[in-house]
Amino acid sequence: MNEDNLWWLKEDGYEARLHKHYEGLFTQGNGYMHVRGSFEEGCSDAPQDEEYLRFPDNVTLEKPRHPKSKQGTFVPGIVAQHPLLKEEIVNLPYMLGLEFRSGDEALDMDRCQISGYSRRLDLRDGRLHRSFLWETKEGMQLKCTHSRYLSMADTHLCIQQVQLEVLAGEGRLELAATLRGDVRTNGMNHFARVVPSAESGDCISLETLTEEGNRIFMLSALEASEAVNWQAGHTPVMAALRGERWLKTGDRLTVSKLTAVTTDRDREEGTVRGRAMAQLSRARKLGGEQLYNRHADCWKRKWQAADIRIKGDDAAQLSVRASLYHLIRANAEKDDRVAICAKGYAGEAYFGRYFWDTEINLLPFFLHTNPQAARNLLLFRYNTLDGARRNAQKYGYRGARYAWESSISGEEQCANWQYADHEIHITADIVYALYHYVRATGDDEFLERYAVDILVETARYWCDRVDWSREGEGGLLGVMGPDEYLPFTRNNAFTNRMVKFSLEQTVACLDSLEDGKRDSYAAAAARLDIRPGERERFRHTAEKLRLPYDSRSDIVPQSDDFDSYAEVDFASVWTDRSRPFGHFISQERNYRSKALKQADVLELMMLFPQEFTRAQLKASYAYYEPITTHDSSLSAAVHGIVASWLGQKEAAGAFLQRVMDIDLSTEKKGAAEGIHIANCGGLWQLIVYGFAGLKSAMWSESIELEPRLPEGWEELSFTLAWRGVRYQITVNPDTCEVQQLNGGNLVAGTTV
């Protein structure tokens, strides 16, 4: 395959049924802001201002609205209140508008005579290109070529360009550049005020005030290769510049639109208007070539740190790069006030909220490619500790209880009580992630400055949450584990082990600080009001908390009561495997059956591999995989890793294909509601932990590899940040090599 094709996501030929899928798949972003891959001119029969009331539901199973198109412009941190669904990210005004009309015919992919349609997203630099031939009713043949990108270097800027070439005929072409405020978020109008304005002859602006008081300012400037007399043509919710030009055979017209976006959340000084003006003025002075070069250089550096190269499997190569692209662009690496939402800021489905996905599925990628970004993802949890404290207080406990679904405050946003009340393992998952970060980076200072507060406050919560038997054994009752299809289990193995780990590390951290850094310990003790005997309570709870398994049993039980749940005849119930299992069974029946949504015990084994024998791993995989529905996008990668560890290459390869299909498959249209960003992180883990066999930094001080490449893979290579040093890893079917990178150059290599 041509090397370029290993960097392009392509759509060859337009199909309306796939439009929404490509909107999600072609999402562009730079951490600060994100836009779905919608057409600049919009899409017929797809109004964006439909108002309705979305109800709490199982997001995996609910039928989404907007079957054809849903535009999306998101700035992480701009949120508002939904009357039923609590806090959600706001879908901001649409800034990409470029519309064309020939006579009474508006350019529309569905209604016009279009041929030669092609669209591609270049993963190397995040530019989206579209080209097609438009044969107008008035007889012109117009070759239209669009391109756009959100600058990775100048993150407030969106740069668009369209070139129109007349291949035959002549006529008058009308042009309009718009900023549209007729946008709804999950059916809600979150805009208290929208003010369109003409700033000058070639500039328009739209200032928006949200219900919560956030200000968003969008400022666009137009440039054309030929003279166009622009005229303002606003509506109450739209700013527009309109112009026209007579075109004839051989003419070329290029129109550029440069948009600056600022909000009152930005850390820069000045008003939103003043900063947008300054951004736009500077950009126009730099010019298009320099703007792009700055942007491309940023992407080049990110790919140097993150790229995975596969020889012998072009489909896997393209798929992993698509996942890496979305991981990179979804991350606001310098903003510790936000994390990465479950849809990678590519859709409204999960309301822009943060789940355990961040710590368990996404963090390993950032630990080993961009440690500073990993640090800020964890600082987000530190910065929302007060919200976690309020959660605990609401439930009647001391300490801090992290939200199953968090927004920027850290308070629980999940409207479904089953998850909000019972899926409590996230509080311990965050502590696991804190230690994973410290062990992968060597940033021990992070523990004493930030993590200790989280450790102590979550330990207090766990001590209150644990119930005690008459025999003095601690237990966690009424728990939903990672599985999610069993909501009220007793002593879920995954949850209990994570809680035990969390308590053990809290005690170890306090012991270490008191022994070696007395000033830091004294400051923490005063800040957190650590009482005499509290540490002993943490230690006692950790020691006595029940784990529902032991080395004498090969199959690790998912919970104490798992065996009492009903067996399921999957063949008779699940009659169409192309649809989620949850569509074929009532929630009531599902909640009393042995049908897993996703990995649970196997997730535990992946995170604590040293604690289980190979016989346990093999037996548990053989038992749980057939009763796991994989209705969650988090599941396939975990199963693929375990299958790889067990040497089951065929099964591991099948899970690799499943992981790749989740967002890329046009049959499933999986990206329609946004990117499954945890699956993107899962693909990285499947390749690095599974196929390359990297032992987790959580349990290894040095780089240890045990490769198990899939059939047909000739070579796998990637870079790895490990405790402050970067390495080049190269894996072949029979050998592997680790070479330290020194200033971008390879130095003496080591074979592992």
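Residues take their numbers from the sequence shown, with the count starting at 1.
Judged by distance alone, the side chain of Ser409 and the main-chain N or O of Glu411 form a donor-acceptor pair under 3.5 Å. Of the possible polar contacts, one joining the Tyr432 side chain to the Leu607 backbone as a donor-acceptor pair under 3.5 Å is found. His676 contributes no side-chain N or O that, together with a main-chain N or O of Ala678, makes up a donor-acceptor pair within less than 3.5 Å. Judged by distance alone, with hydrogens and angles left aside, the side-chain atoms of Asn491 form a donor-acceptor pair with the main-chain N or O of Leu476 at under 3.5 Å. Under the 3.5 Å distance criterion, the side-chain polar atoms of Ser220 are left unmatched by any main-chain donor or acceptor of Thr259. Between the side chain of Ser502 and the main chain of Met498, no donor-acceptor pair closer than 3.5 Å is present. At distances below 3.5 Å, not a single donor-acceptor pair connects side-chain atoms of Gln413 with backbone N or O atoms of Glu88. Between the Thr629 side chain and the Leu596 main chain, a donor and an acceptor come within less than 3.5 Å of each other. Looking only at distances, no side-chain donor or acceptor of Asn679 sits under 3.5 Å from a matching main-chain atom of Asp663. Distance alone, capped at 3.5 Å, is enough to place a donor-acceptor pair between the Asp266 side chain and the Thr263 backbone.
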- Is there a side chain to side chain donor-acceptor pair (under 3.5 Å) between Asp335 and Tyr32 once you walk through the steps? CA-CA 9 Å; Asp335 192 346; Tyr32 172 76; over 6 Å; no
- Message: For His66 and Tyr52: C-alpha separation, side-chain torsions, deciding distance, then whether ring-ring contact (aromatic ring centres under 6.0 Å, His included) applies.
- Response: CA-CA 11 Å; His66 314 288; Tyr52 57 90; 5.8 Å; yes
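Applying the 6.0 Å contact sphere to CD of Gln372 captures more than 12 heavy atoms from other residues, nucleotides or ligands. More than 12 heavy-atom neighbours from other residues, nucleotides or ligands sit within 6.0 angstrom of NZ on Lys68.
Of all non-hydrogen atoms in Cys158 and Leu96, the two that sit nearest each other are SG-CD2, 3.7 Å. Between Ile675 and Arg329, the shortest heavy-atom distance links the atoms CG1-NH2, 4.1 Å. Of all heavy-atom pairs spanning Leu150 and Gly29, the tightest one is CD1-CA, 3.7 Å. When all heavy atoms are compared, the tightest approach of Ala428 to Val499 is CB-N, 3.8 Å.
Annotation: side chain of Met238 is in contact with side chain of Arg180 (closest heavy-atom distance under 4.5 Å). Residues Phe366 and Arg375 fail the side-chain proximity criterion, which asks for heavy atoms closer than 4.5 Å. Put simply, the side chain of Gln418 reaches to within 4.5 Å of the side chain of Gln587, judged on heavy atoms. You'll find the side chain of Ser632 stays beyond 4.5 Å of the side chain of Glu484, heavy atoms only. Looking at heavy atoms from C-beta onward, Lys597 lies out of side-chain contact with Ser635 at the 4.5 angstrom threshold. Residues Asp357 and Ile677 have side chains not in contact (no heavy-atom distance under 4.5 Å, counting atoms from C-beta outward). The shortest side-chain heavy-atom distance between Arg184 and Gln48 does not fall under the 4.5 Å cut-off.
Using a cut-off of 4.0 Å between Lys/Arg side-chain N and Asp/Glu carboxylate O, Asp453 and Arg527 are scored as salt-bridged. Taking the charged nitrogens against the carboxylate oxygens, Glu359 and Arg381 do have a contact shorter than 4.0 Å, which makes a salt bridge. A salt bridge is defined here as a Lys NZ or Arg NE, NH1 or NH2 lying under 4.0 Å from an Asp or Glu carboxylate O, and Arg389 with Asp386 meets this definition. Look at Glu673 and Lys343 and you find no salt bridge, because none of the NZ, NE, NH1 or NH2 atoms lies under 4.0 Å from a carboxylate O. Electrostatic pairing of Lys86 and Glu412 does not count as a salt bridge here, judged by no charged N lying under 4.0 Å from a carboxylate O. Ion pairing between Lys20 and Glu23 fails under the 4.0 Å rule for side-chain N and carboxylate O.
How far OG1 of Thr358 is from CD1 of Ile426: 7.5 Å, rounded to the nearest 0.5 Å. Here the straight-line distance linking atom NZ of Lys594 with atom CG of Asp483 works out to 12.5 Å at 0.5 Å rounding. The structure places NE2 of His190 at 9.5 Å from CG of Asn91, a figure rounded to the nearest 0.5 Å. From Tyr397, atom OH reaches atom OH of Tyr461 across 6.0 Å, with rounding to the nearest 0.5 Å. Considering CG of Leu327 and CG of Asn331, their distance stands at 9.0 Å, rounded to 0.5 Å. The distance from atom CG of Asp421 to atom CG of Asn416, rounded to the nearest 0.5 Å, is 10.5 Å.
For Trp404 and His425, the distance between ring centers is under 6.0 angstrom. Between Phe74 and Tyr345, the gap from one ring centroid to the other reaches at least 6.0 Å.
Applying the ring pair (Phe, Tyr, Trp, His ring centres under 6.0 Å) test between Tyr382 and each of Phe446, Tyr437, Tyr450 identifies Tyr450 as the sole match.
Taking Glu50 as the reference, Arg65 meet the salt bridge (Lys or Arg N to Asp or Glu O under 4.0 Å) condition, with sequence neighbours excluded.
Ring geometry for His19 versus Phe39: interplanar angle of 30 to 60°, hence tilted. Taking the six-membered ring where tryptophan is involved, the planes of Phe581 and Tyr485 are tilted, since the angle between them lies from 30° to 60°.
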